[in-house]
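Accompanying notes for the structure given below.
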Amino acid sequence: MRARDENRGWPFRRVAGLVLCAVALVGLLAIPSDCATPAPRAVTLALQWIPQSQFAGYYMAQEKGIYAKYGLDVTFLQGGPNLSSMDALLGGASVDPQADFATTWLTTGIQARLEKKAIVHLAQLVQRTSLILISKKSSGISDPSQIAGKRVGIWGADFAIPPRALFQSYNIIVEEIPQSASMNLFLQGAIEVASAMWYNEYHLVLNSGIDPDELNTFFLDQYGLNFPEDGIYCREETVEEDPSFCSAFVRASLEGWEYAFAHEEETLDVVMWRADEVHTGTNRVHQKWMLERMRDIIQAPEGTTPVPLGTLNETDFDFVAYKLTRAAGSAAPPKYSEFHRDLEGVGVTP
Amino acid sequence: MSRFLQALWRDRGLAFKLILLIFLSNAMIFFVVFYTNYGAARGELVQSAEDNARNLAAATANRIEAVLRGVETVPETLANMLQINPMTAQDLEDRLRLLVAQNSDIYGMTVSFDPYGFTPSSLYYAPYASKPRGEGEPQLTYLGGPSYQYFYLDWFQIPKLVGLSLWGEPYYDEGGGGIIMATYSVPFYRMEDGDRRFLGVVTADISLDKLREFVSAIKIYQSGYGFLISQNGTFITHPKSTNVMNESLFSLAEAQGDTELRQIGRAMIAGQSGFVQVAQGAGEKLSWLAYAPLPSSGWSLGVIFPQEELMAGVVNLNRIVLILVAIGFTVLFLAILLIAKSVARPLQALAAASRAVARGELDAPLPPSHGGDEVGQLTHSFSSMQKSLRQYIKDLQETTAAKERIESELKIAARIQMDMLPKTFPQTAQYSLWASMEPAKEVGGDLYDFLQPDEQHLYLLIGDVSGKGVPASLMMATTVALFRAFASEGGPPEQVLLRLNETLASRNESMLFVTALCGRLDLSNGDMEYASAGHNPPFLLRLDGQVEKIEKPINLVLGVQDGIPFHGGRVRMAPGETFFTYTDGVTEAMTSAGELYSEERLIEALSAHHADNPQELVDHVRITVEEFVAGADPSDDITLLTVQYLAPSRAWKEVRLVNRLQEMERVEIFLEEFAVESNLRLDDQARIGVVLSELVANVLSYAYGGAGEQPVCLRMRREVDDIWILLEDEGTPFNPLQQAPPDDLDKPLEEREVGGLGIYIVRQMAKRVEYLREGGVNRLTVVMGLGLSASPLGQ
């Protein structure tokens, strides 16, 4: 009964919330419109994956009118296993740049800088690496060194960087198998080790009927390989031309994240709607798991000094930059100051 | 608490108890039957439901399996052909179209080559034939492109890596159908230079709509349904479409926090079959789930049906049964109430009537009797009891009256009998006698008597009849009567006892016996003869204070055996000595502590008061006994009989005269002689002479009033220090003592009337003067004391 009541209560609460927000928006917009604020500026954000809680903050910034508040009208570009958000930001061989901003991993961003691509890091959301390697205990792999020679599912593009760094540090060679978005390769026994995001595929495996105690997991940051993940990037020219535009976008996005963490169920409604729209084949408990893990990796871990949302820790940057520079055989790692651009109102304690 | 309940129960009426007990026992029986029945019905239903569900699941699984296996052969055949002979693109594409067109279950097919596998010049080659949306020939498209790198997809990569044909996880196909597909993938190879080279994958797609039709054909009751899950537990078909491809059994289990559901899901994807109870959603109704595996694909088919609907038949039946029971119980309640009331009402009336009877209202009306049931019988019995009681009370009253009459007669008898014992005791010159008896019961067994048949002898009797009550008192009366008879005939005491014994023993039917002591005192000399028949020995109180116990001889008690001899004894008593007899009631008088008065105390009392006269002595002994027992009820009659010998008896000296004054001379001569015989002193003789001359002359002159010769008798006797004078005539009644004292004492003698002065003088001189008219005889008795100097008697 209680569950039903809650279910019945949801739409009401949601409507009430919307009404409140609408009232707030009218209040906020009333003055700028009177002051002749121009029509919202169209903005495209390239997300590095399919719609899910990983991007809950951006969705909520859009959904709750936070972007609109900053004079932005954001369109999301969906990513995928073989659809790099960097490509969307920078344009491909014969493709024009599609996006104004992109989310991607720090590794991807630094890699792009090493390749002399004109991108700039604006804000760092995920502070810890959540990419893990998993294997069934029945495979007998309990230590990274035992991965040697095994079929290991590796995602394309920048998803391959952290696992490869691990193999490199253990000095092992593995049989890399391109891994699709699903875990079926792993579940059906085609590969012994799979890449998995802690907030996503790990939980998918659990909800395919495999119990946690039947799995061995390798968290890369526990092996000294902390690769901070999602961050917000733009082309150099964009921030050069209009830093306030970038600042508005980043601040709105961060506000969206704060809202998402504070309003979990409402956020899940939005995420589920966006997921169902493109038939991602997901469910609410999974997105809930993901949202909770995002909170874990975006906010500072317990016991550490909290950093303002969006801050890129320079030490983390230096580590990743060093690792990637060495792997690429380049001599000079990018400088933090060149890679990252401080924006007004970002990375500071409000 | 239980005491409270007990009290509550005890004070309740019959109706309440009946209803409660019958209700409780009925309810208990009903519920046992009901639940046994319900349990059995439920068990059977569940069993049949399980059979049904298992069969349904297995049958449906088999149908799906048949379709899947039918589909599987198509790509497998094509793959075999491709392994043997390479085909041109045209041939391949034609054949694909043909196969899709020919196989209704197949939605689409592709032969997808490994990168550069078909021609070295082409990264992608994957012709895909699929059914058109409407009518028509299958369409042909080519898979592969930057956004659809098919060789990284599961349906391609998994069979390639595993090396086996298999069904993949259902998916939304973005490149081909744009619908949910399940794909069967068959890898194919070609032998090149002894190596088996992977070339690509032949697939056949089936639409999930096709599978859903089979599963949705499963209908059980109202809301029972079937569902299909993939090898990952994801719903392939489900009545709730949003679950399809989105939720899995495990995500549902996590959302509901249902670890059991997760275990069921693991069993299902592990290829097991089973029948279990599940909760559909948190707090939802219970359901049963039967599941069966689809071995070729690793999928699993589940059949759900809600328990509520399964039980609907039983529940309906139960509802009807419960309604019937409620009606039945109501009827039962009313019936019991009616019976209980019909039983209780006459019972209450009877109870009221019996209370009335108990108060003594024997005529209290009874409630009317209804027929021959138990209450009727009870009423009838009660009625006859009432009648009997009335009769009984009546009889009892009569009997009591009769008994009371008898008792009062007995009391009278006892009084009469007590009256038989003499209550006045003679005090003569020769002896003084006193007796007392205190009966322990109304009619005592003790007896005493005395008799003086002649001038010389005094007979005494004291006795004790064994036993108490009426028989004993009758025996006592007989004994006393016989004693009087025998004693008056004379003879020594042993002879009296002998005759008593003979008579009593011959008629003693009730075998009572009598102890008795008989004595005969010779008044002339103080000899006391005695005989004892088993009686307490008497005491002789001597002048010097000695108390002699007279124990011998001993004889048997009276009334037991006739023909036995009796022996007597004899003691001489001096004047002033006392013979004391008693019954065992004296010595056996008992205190409440059980101490006896005893012979010692008796002797002590006698010795202290040996000089007392018999009355004082008897009173004294009685007082000491009373003081001793101190209020304890006497256990036996207490009887005392005492005689004190005073003096030897003397005979009267008599002279017979006629009514002539001349006879006075003879009177003078008579006095002279008497004076000599009785040792009178002259002055005493003179005084007597004065009295005699007055009295006798008076009688001679007036007694007969001048008639002819009539007799006048004068007697005299000395009793120790007294002279007794008796003057008798048979003349007209005349009491000289009634004459007024003379009023002419001052006149000279000659002038006064004769007689008046004479009586006056006599009264002055005599100790006692008595007149008695008896049997036509005037008797004047005069007692005159002798002077101090009178000589002692007999000297």
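Just so we're on the same page: letters track the sequence lines, and every chain starts at 1. Quick caveat, the model's predicted, so the values are computed rather than measured.
Defined by atom type and a distance below 3.5 Å, a donor-acceptor pair is present between the side-chain atoms of D154(B) and S180(A). Using modelled atom types and a 3.5 Å distance limit, the side chains of E229(A) and S130(A) yield a donor-acceptor pair. Between S53(A) and Q287(A), the side chains place a donor N or O and an acceptor N or O closer than 3.5 Å (distance only, hydrogens not considered).
Using cut-offs of 30° and 60° for the angle between ring planes, the F55(A) and Y59(A) rings count as perpendicular. Ring-plane geometry between F235(B) and F227(B) is classed as perpendicular, the angle between the planes exceeding 60 degrees on a 0 to 90 degree scale with a lower cut at 30.
Residue I158(B) touches chain A through both its backbone and its side chain, counting heavy-atom pairs closer than 4.5 Å. Heavy-atom distances place both the backbone and the side chain of D211(A) under 4.5 Å from chain B. Heavy atoms closer than 4.5 Å to chain B are found in the side chain of L187(A), but not in its backbone. Heavy atoms of L166(B) lying under 4.5 Å from chain A belong exclusively to its side chain.
Here F151(B) and Y116(B) keep their ring centres 6.0 angstrom or further from each other. Taking the six-membered ring wherever Trp is involved, the centroid distance between the rings of Y150(B) and F113(B) does not fall below 6.0 Å. Under the 6.0 Å cut-off for aromatic ring centres, Y142(B) and Y124(B) do not qualify, their centroids lying 6.0 Å or more apart.
Among Q263(B), E254(B), M268(B), the residue making the largest number of heavy-atom pairs under 4.5 Å with chain A is E254(B). Counting heavy-atom pairs under 4.5 Å between each of A190(A), S182(A), S208(A) and chain B puts S208(A) at the top.
Against chain B, the residues from residues 191-203 of chain A that qualify, each with a non-hydrogen atom under 4.5 angstrom away, are I191(A), H203(A) in number order.
Using a 4.0 Å cut-off between charged side-chain N and carboxylate O, E72(B) and R69(B) make a salt bridge.
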